[in-house]
Amino acid sequence: MLIAPSLLAADFSRLAAEVQKVEAAGADWLHFDIMDGHFVPNITMGPLIVKSLRRHTGLFFDVHLMIENPERYLADFVHAGADAVTVSAEACTHLHRVLQEIRRLGVKAGVALNPATPLAVLDYVLDELDLILLMSVNPGFGGQEFIPAVLPKIARAKEMLAGRNVLLSVDGGINAQTASLVAAAGADVAVAGTAVFGQDDVVQAVKMLRTGKKPV
Ligand code: DX5
Ligand code: ZN
């Protein structure tokens with residue numbers, strides 16, 4: 001599994017150093033949680049932070065938009081340096097069009113689904129997708145508990161993809177234990193905030209997420 005630390009749990013007073021720390025620890029992607037205070041109760045960051053960090057790291061920038069009407073900001077995030085832009089299905093009236101627009105801008109297109117949202121909303125957009133982000137907490141805050149009902153959803157999503165070139169990512173409440181469960185269910189990417197940035201030994205934290213146990 002690829003490991004995508006979520007910047008939300010980093011020390012915002014020293015972001016560049018935090019990002020370089022997880023890059024050196026072997027993280028694969030960097031996950032940005034963008035929240036607008038409408039789709040989710042919390043407000044976090046905009047394209048300015050993505051842009052500021054772009055020159056400090058070579059990590060793949062996985063931008064997760066938890067914002068209403070995300071079509072207004074796609075170009076801003078791509079120009080800021082996003083490599084993938086994921087929109088929340090529940091926040092898009094015209095999901096198909098939004099995904100086409102993300103690809104037209106030249107980056108990978110993702111759709112996030114809240115825990116309660118069925119996979120069926122993806123049935124008719126599978127050809128427009130590069131990434132599915134299954135939320136394993138209700139979006140809005142870091143540090144929440146993993147929702148186990150998402151495990152069979154991961155397995156079903158994997159079946160639905162039937163070998164397509166679409167990555168399956170899981171986000172929320174990921175720690176060493178839940179990481180091994182989502183890996184076994186078929187996830188390709190694990191997003192983790194607290195379990196990476198919240199730890200004293202980030203190298204060990206990334207290894208534990210990858211292997212599900214303490215490295216020897
Ligand atoms: C939740 C965000 C997640 C979250 C993950 O709204 O999308 O990326 O920050 O944080 P942890 O790993 O702390 O659950
Ligand atoms: Zn996220």
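Numbers for residues simply follow the sequence, beginning at 1. The figures that follow rest on heavy atoms only: side chains count, while hydrogens, waters and symmetry mates do not. From a predicted model like this one, the values you see are computed outputs, not experimental measurements. When a ligand or atom number is given, it counts from 1 through the structure's own listing order.
The nearest protein atom to atom 10 (O) of ligand 1, hydrogens excluded, is given as G142 CA, 3.7 Å; this is a heavy-atom distance. Counting protein heavy atoms only, atom 2 (C) of ligand 1 is closest to D33 OD1, 3.4 Å. When hydrogens are left out, the protein atom nearest atom 1 (C) of ligand 1 is F141 O, 3.6 Å; that is the closest non-hydrogen contact. In terms of protein heavy-atom proximity, atom 6 (O) of ligand 1 is nearest to G140 N, 2.8 Å. For atom 12 (O) of ligand 1, the closest non-hydrogen atom of the protein is G193 N, 2.7 Å.
Ligand 1 lies within reach of A192, whose nearest heavy atom is under 4.0 Å from it.
Interface of M35 with ligand 1, defined as ligand atoms under 4.0 Å from a residue heavy atom, comprises 6 (O). Atoms of ligand 1 found under 4.0 Å from any heavy atom of T194 (numbered from 1 in listed order, with element): 11 (P), 12 (O), 13 (O). For ligand 1, the atoms closer than 4.0 angstrom to any heavy atom of M66 are 6 (O), 7 (O). Here is the list of ligand 1 atoms found below 4.0 Å of a heavy atom in L8: 9 (O). Close approach of ligand 1 to H64 (heavy-atom distance below 4.0 Å) involves ligand atoms 7 (O). Short contacts between ligand 1 and G172, defined as distances under 4.0 Å to a heavy atom of the residue, involve ligand atoms 14 (O). For ligand 1, the atoms sitting less than 4.0 Å from at least one non-hydrogen atom of H31 are 8 (O), numbered in the order shown with element in parentheses.
Residues that satisfy the side chain to side chain donor-acceptor pair (under 3.5 Å) test with K21, not counting sequence neighbours, are E18.
Considering backbone and side-chain atoms together, G143 places an N or O closer than 3.5 Å to an N or O of ligand 1. For ligand 1, the polar-atom distance check finds an N/O of G173 within less than 3.5 Å of one of the ligand's N/O atoms.
Atoms NE2 and CD1, on H38 and I67 in that order, are 10.5 Å from each other to the nearest 0.5 Å. Between the NE2 atom of H64 and the CG atom of L8 there is a distance of 11.0 Å, given to the nearest 0.5 Å. In this structure, R104 CZ and L99 CG are separated by 13.5 Å, a value rounded to the nearest 0.5 Å. A distance of 9.5 Å separates OG1 in T44 from CG in L7, rounded to the nearest 0.5 Å. To the nearest 0.5 Å, atom OG1 of residue T86 and atom CD1 of residue I132 are 10.5 Å apart.
With a 4.0 Å cut-off on non-hydrogen atoms, P139 touches ligand 1 through its backbone as well as its side chain.
Around OH of Y73, the count of heavy atoms belonging to other residues, nucleotides or ligands within 6.0 Å does not exceed 12.
Side chains of M208 and N175 form no contact here, defined as non-hydrogen atoms less than 4.5 Å apart.
Using a distance-only test at 3.5 Å, with no hydrogens or angles considered, a donor-acceptor pair links the side chain of S136 to the main chain of G172. A distance-only check finds no donor-acceptor pair linking the side chain of R97 to the backbone of T93 [under 3.5 Å]. A side-chain donor-acceptor contact under 3.5 Å links K158 to the backbone of G186. The backbone N or O of A179 lies less than 3.5 Å from no partner atom in the side chain of R210, so there is not a single donor-acceptor pair. The backbone N or O of E71 sits nowhere less than 3.5 Å from a side-chain atom of E101 that would complete a donor-acceptor pair.
Protein atoms that are N, O or S and lie under 2.8 Å from the Zn ion (ligand 2) are these: H31 NE2, D33 OD1, H64 ND1, D171 OD2.
When N138, D171, V196, D62 are checked for heavy-atom proximity to atom 8 (O) of ligand 1, D171 turns out nearest.
Looking at H31 and D33, their side chains do bring a donor and an acceptor atom within 3.5 Å of each other.
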